[in-house]
Amino acid sequence: MANQSRTDGAVLEKVDERTGEPDEYRVLLLNDDYTTMDFVVAVVVSVFHRSIPEATRIMLDVHRKGRGVVGTYPYDIAATKIGRVHELARENGFPLRCTMEKA
Ligand code: TYC
């Protein structure tokens, strides 16, 4: 009786629900009036492994539109990257914010 829970025997089996690909999340950078452009570019390069021209394009897009996608990842990776952005922002005294939404 594979893949089915049973309670009538000595062995209890758990249904494995990990089917298909994991859900993906878009990580978004939010604009503010205080974080410097150079700092945003440096964060996008170091946390999201973008080139300087790509990071600059993303930063300017966020600056003009208010928010923008920096990358798409499984939940745990997105959450770790968001935590790192907030840690770097706090250490450097900037209010830079980052969030995620289901892709
Ligand atoms: N608006 C900021 C400025 O003019 C730059 C900026 C861009 C800040 C993107 C945050 O996510 C951001 N210095």
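A quick note: this is a predicted structure, and the numbers were derived from the prediction, not measured. Residues: numbered from 1 along the sequence shown. Order of appearance sets the numbers: ligands from 1, and atoms from 1 within every ligand.
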Considering only heavy atoms of [X], which atoms of ligand 1 have at least one such atom less than 4.0 Å away?
{"X": "Leu30", "answer": "10 (C), 11 (O), 12 (C)"}
{"X": "Leu29", "answer": "11 (O)"}
{"X": "Val62", "answer": "9 (C), 11 (O), 12 (C)"}

Please find the pair of heavy atoms, one from Val62 and one from Leu30, that lie closest to each other, and give the distance.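 Heavy atoms of Val62 and Leu30 come nearest at CG1-C, 3.8 Å.
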For Leu29, the option from Asp61, Val40, Val43, Thr99 that meets side-chain contact (heavy atoms from CB on, under 4.5 Å):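 Of all the options given, the one that passes is Val40.
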Does ligand 1 have a heavy atom under 4.0 Å from the side chain of Leu96, from its backbone, from both, or from neither?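 The answer is the side chain.
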[atom]: nearest protein contact (heavy atom, Å):
{"atom": "atom 6 (C) of ligand 1", "result": "Asn31 OD1, 3.3 Å"}
{"atom": "atom 4 (O) of ligand 1", "result": "His63 CE1, 3.1 Å"}
{"atom": "atom 13 (N) of ligand 1", "result": "Thr35 O, 2.9 Å"}

Arg50 side chain vs Val70 backbone, donor-acceptor pair below 3.5 Å: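 Checking the backbone N and O of Val70 against the side chain of Arg50, a donor-acceptor pair under 3.5 Å is found.
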Step by step, work out the side chain to side chain contact (heavy atoms under 4.5 Å, CB included) result for Ile82 and Met100. CA-CA 8 Å; Ile82 290 169; Met100 71 170 110; 3.7 Å; yes
Treat each ILVMFWY residue as a node, draw an edge where side-chain heavy atoms are under 4.5 Å apart, and state whether Val45 and Val27 are in one component.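 Yes, Val45 connects to Val27 through the hydrophobic network.
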Side chains of Met59 and Glu54 in contact at under 4.5 Å (non-hydrogen atoms):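 Side chain of Met59 against side chain of Glu54, heavy atoms only: no contact under 4.5 Å found.
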Is any side-chain heavy atom of Lys81 closer than 4.5 Å to one of Phe48?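 Phe48 reaches Lys81 side chain to side chain.
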Any N or O of Tyr34 closer than 3.5 Å to N or O of ligand 1: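 No; the residue has no nitrogen or oxygen that sits under 3.5 Å from a nitrogen or oxygen of the ligand.
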Pick from Asp32, Asp33, Asp61: the one approaching atom 1 (N) of ligand 1 most closely through a non-hydrogen atom: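 Among Asp32, Asp33, Asp61, the closest heavy atom to atom 1 (N) of ligand 1 comes from Asp32.
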